[in-house]
Amino acid sequence: MKRAMDRRAFLGGCAAFGCLGFGRAFAAPRDFGTRPRGRLRFGVVSDPHVTVSLKDGVTTDWRVRAVGRWFERFRDAGVDAVVIPGDLASFASMRELRALMDEWRRVFPDDRLPNGEKVERVFILGNHDWEGWRYDDFATRFFPDPDVRKREILPLDLANNWRAVFGEDFRPFNVKTVKGYDFVQAHWIGRPDRRDCRGFDEDCMRGIGEFYANWRPDPRKPFFHVQHPAPKDTCNGRWTWGRDNGDSVRALAQFPNAFVLCGHSHYPVTDERSIWQGAFTAVNCGTCSVPTREIPIAGDGSNAPTESEGRAHVCVKAERELGYGSGLLIDVCAHEIRITRLRDWTAVPAAEDWVVPLGAPRDTPYAFARRAKAARAPEFPQGAKVALARTEDGGRQMLKVSFPKADAVPDARAMEYELVLTASDGGERRLRLLAPGAFKMADDPAAPAEPSYEIALKAGERIVQAKVRPYEVFGSCGRFIAS
């Protein structure tokens, strides 16, 4: 899910040891059919945003084929289920959903693998599936007749339309059991008379507390709660765009065996804050469509400015999308859950596997505080300096700031840089800048080797010094270097 101001541009546009041990391994084979599998294996792709053209309301775009290729990879991996944590479509159009299901049936005819084993669908509504028909006046533009609109827009006749496209009854909270493990579908259900998506404190799962007061999972097994927004103050930290209002956190706090799978933010799965452990476990599943261009600053947000000071203080922006279109392959084993992060649909690992231990006493290796304490601060090489050069861009005076990569400490990777510019009048400007390739694989050729930024100068501004220091993702920072 992207912000409304970005919507038109947005819409236009494993391991070798498997589950046999607790150790992590980075190299995952392309052929997941040969990988030792768990008791349950499932694939996750979030926010596919299958889209029809704003020109004719009919023609679908590249996102249809993209999600189809993810289905193919999951088929080849022999999954038992496929999870989509919301935003199946962009405009809540039945045409989009039928296109999605055409790809599903092409890959999984009769909901089955080539060997005849059943593959369960765990799809849920996101905000686009609930209120997307209001975006860009889509429904009134292409379906002016109210009767036709009711048939062509999913939520306007939700029970009948859901059954027509997915072949099953709709329930706001629904449980599917796959290989003995429960999946809770917690759909986005907003208000019928307005757009609800705000990005913060989403109020879209009313009734979740009552549901969990009446439904009790098996405490001896993990279960998977699938929702669209991130649970408040969990994965990606306090400043996650697309967090809920905390209702899910209150409902799930009693279940240490809960694993939340969420989307909405489009944050990259290569951000190590995309997995969080506290009272339960929460995982941001990224997106298989267009990654975000904005990310919360390093750390968990606990020491960030107050919300009233605005997002410019707590987020850093990028000129290009962060990370990749991504998905997850998850194996549930007797003593652990292994989560493999995949880039694109190529079955290439995007980062090291996450391995979550199961059993008692509960271990939480992905608790933010625990990882922050263990994090090593990145540092620049000895003798590194900042280079400054004045440039021009369309008549605007610019300052080019360049410096070496902060790679002097092994296994310490810079996520961002803090730049302090000192002007001739003594004034200071502090900027947070994403490290080039911060959320790409270290050996990815698209990850630039040296940081270089162009900063627009204010009228008459003369910079006399620049200082830079690096931050890793959990907030540990290295020493400043200067010009």
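This chain uses plain numbering: 1 for the first residue, then up along the sequence.
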Under the criterion salt bridge (charged side-chain N to carboxylate O under 4.0 Å, His left out), I'd like the reasoning laid out for Glu96 against Arg98: C-alpha separation, chi angles, the key distance, then a yes or no.
CA-CA 5 Å; Glu96 295 168 325; Arg98 284 192 288 264; over 6 Å; no
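- Side chain to side chain, Ser90 and Thr51 meet the donor-acceptor criterion of an N or O pair below 3.5 Å.
- The two atoms that bring Pro291 and Gly325 nearest to each other are CG-N, 3.9 Å, heavy atoms only.
- Distance alone, capped at 3.5 Å, is enough to place a donor-acceptor pair between the Arg37 side chain and the Gly78 backbone.
- Looking at Asp129 and Trp188, their side chains never come closer than 4.5 Å, going by heavy atoms from C-beta outward.
- Taking the six-membered ring for Trp and thresholds of 30 and 60 degrees, Phe123 and Trp104 have ring planes more than 60 degrees apart, a perpendicular arrangement.
- In terms of modelled atom types and a separation under 3.5 Å, the side chain of Asn161 and the main chain of Lys150 share a donor-acceptor contact.
- Ring planes of Phe224 and Phe183: parallel class, angle under 30° (limits at 30 and 60°).
- Counting all heavy atoms, side chain and backbone alike, Pro268 lies closest to Ile295 at CD-CD1, 3.7 Å.
- Side-chain contact, His264 with Asp87: no donor N or O sits under 3.5 Å from an acceptor N or O.
- Considering Leu433, Ile297, Val473 in turn, Ile297 is the only one that fulfils the side-chain contact (heavy atoms from CB on, under 4.5 Å) rule with Glu416.
- The existence of a salt bridge linking Asp80 and Arg41 is excluded, since no basic side-chain nitrogen approaches an acidic carboxylate oxygen closer than 4.0 Å.
- Between Glu103 and Arg106, at least one side-chain N (NZ, or NE/NH1/NH2) sits under 4.0 Å from a carboxylate O, which counts as a salt bridge.
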Give the intermediate values and the outcome of side-chain contact (heavy atoms from CB on, under 4.5 Å) for residues Ile124 and Ile84.
CA-CA 6 Å; Ile124 66 162; Ile84 302 182; over 6 Å; no
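- Contact check for Asp136 versus Leu54: side-chain heavy atoms found under the 4.5 Å cut-off.
- Salt-bridge annotation for Asp110 and Arg105: absent, with no side-chain N of the basic residue lying under 4.0 Å from a carboxylate O of the acidic one.
- Between Val45 and Gly327 the shortest heavy-atom distance is CG1-CA, 4.2 Å.
- For Gln254, the CD atom sits in a packed shell: over 12 heavy atoms of surrounding residues, nucleotides or ligands are nearer than 6.0 Å.
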Salt bridge (charged side-chain N to carboxylate O under 4.0 Å, His left out) between Arg163 and Asp169, intermediate numbers included:
CA-CA 6 Å; Arg163 190 180 303 109; Asp169 291 338; 3.0 Å; yes
Criterion side-chain contact (heavy atoms from CB on, under 4.5 Å) on Val79 and Leu329, from CA distance to verdict
CA-CA 9 Å; Val79 297; Leu329 184 70; 3.8 Å; yes
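- Arg121 contributes a side-chain N or O that, together with a main-chain N or O of Phe166, makes up a donor-acceptor pair within less than 3.5 Å.
- For Lys118, the NZ atom counts as densely surrounded, since its 6.0 Å shell holds more than 12 non-hydrogen atoms of other residues, nucleotides or ligands.
- Glu202 and Asn245 share no side-chain donor-acceptor pair at under 3.5 Å.
- A salt bridge does not link Arg413 with Glu472: none of the charged nitrogens is closer than 4.0 Å to a carboxylate oxygen.
- Note: Arg243 CZ to Phe200 CZ = 5.0 Å, rounded to the nearest 0.5 Å.
- For the pair Trp130/Leu154, no side-chain contact is recorded, criterion being any heavy-atom separation below 4.5 Å from C-beta on.
- A 4.5 Å side-chain heavy-atom check between Phe71 and Val67 finds at least one atom pair inside the cut-off.
- Checked against the 6.0 Å centroid threshold, Trp276 and Tyr366 do not count as a close aromatic pair.
- No donor-acceptor distance shorter than 3.5 angstrom exists from the side chain of Thr281 to the backbone of Gln277, with no hydrogens or angles considered.
- Residues Gln227 and Pro85 are not in side-chain contact: their nearest non-hydrogen atoms beyond the backbone lie 4.5 Å or more apart.
- Figure legend: cation-pi geometry between Arg341 and Trp354, with NZ or CZ positioned under 6.0 Å from the six-membered ring centre and within 45° of its axis.
- The two residues Asn257 and Pro219 have their closest heavy-atom pair at ND2-CA, 3.7 Å.
- Once rounded to the nearest 0.5 Å, the distance linking CE of Met415 with SG of Cys477 reads 13.5 Å.
- Across every non-hydrogen atom of Ile189 and Arg206, the tightest pair is O-NH2, 3.4 Å.
- Asn174 places no side-chain N or O within 3.5 Å of a backbone atom of Phe170 that could act as its donor or acceptor partner.
- Pairing each heavy atom of Val260 with each of Pro231, the nearest pair is CG1-CG, 3.7 Å.
- Taking 4.0 Å as the cut-off between side-chain N and carboxylate O, Arg370 and Asp363 count as a salt-bridged pair.
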Between Asp218 and Tyr181, does a side-chain contact (heavy atoms from CB on, under 4.5 Å) hold up when you go through it step by step?
CA-CA 9 Å; Asp218 184 341; Tyr181 293 90; over 6 Å; no
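- Using modelled atom types, one side-chain atom of Glu131 and one backbone atom of Cys197 make a donor-acceptor pair closer than 3.5 Å.
- One finds no salt bridge joining Arg273 and Asp300 here, because no Lys/Arg side-chain nitrogen approaches an Asp/Glu carboxylate oxygen to under 4.0 Å.
- By the 4.5 Å heavy-atom criterion applied to side chains, Pro357 and His335 are not counted as neighbours.
- Both the sub-6.0 Å distance and the 45° axial angle are satisfied by Arg432 relative to the ring of Tyr471.
- Between Phe255 and Phe223, the ring centre distance stays below 6.0 Å.
- Residues Asp47 and Thr287 have side chains that never bring a donor and an acceptor to within less than 3.5 angstrom of each other.
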Using salt bridge (charged side-chain N to carboxylate O under 4.0 Å, His left out), reason through Asp247 and Lys232 one step at a time and then give a plain yes or no.
CA-CA 8 Å; Asp247 283 352; Lys232 186 174 184 177; over 6 Å; no
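- Using a cut-off of 4.0 Å between Lys/Arg side-chain N and Asp/Glu carboxylate O, Lys176 and Glu168 are scored as salt-bridged.
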Check against side-chain contact (heavy atoms from CB on, under 4.5 Å), Cys262 and Val283
CA-CA 6 Å; Cys262 59; Val283 177; over 6 Å; no
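- Under 3.5 Å, the side chains of Tyr212 and His225 contain a donor-acceptor pair of N or O atoms.
- For the atom pair Phe108 CZ and Glu72 CD, the distance stands at 9.0 Å (nearest 0.5 Å).
- Heavy-atom neighbours of Arg220 CZ from other residues, nucleotides or ligands within 6.0 Å: at or below the threshold of 12.
- His128 and His228 are not linked by any side-chain donor-acceptor pair at a separation below 3.5 angstrom, with hydrogens and angles left out of the test.
- Residues Phe280 and Phe259 are not in side-chain contact: their nearest non-hydrogen atoms beyond the backbone lie 4.5 Å or more apart.
- Side chain of Arg371 to backbone of Glu272: a donor-acceptor contact under 3.5 angstrom is found.
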Working for salt bridge (charged side-chain N to carboxylate O under 4.0 Å, His left out), residues Asp353 and Arg338:
CA-CA 7 Å; Asp353 286 0; Arg338 183 177 292 276; 3.3 Å; yes
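- You'll find the side chain of Phe439 stays beyond 4.5 Å of the side chain of Thr292, heavy atoms only.
- Classified by interplanar angle (parallel below 30°, tilted 30° to 60°, perpendicular above 60°), the ring pair Phe138/Phe91 is parallel.
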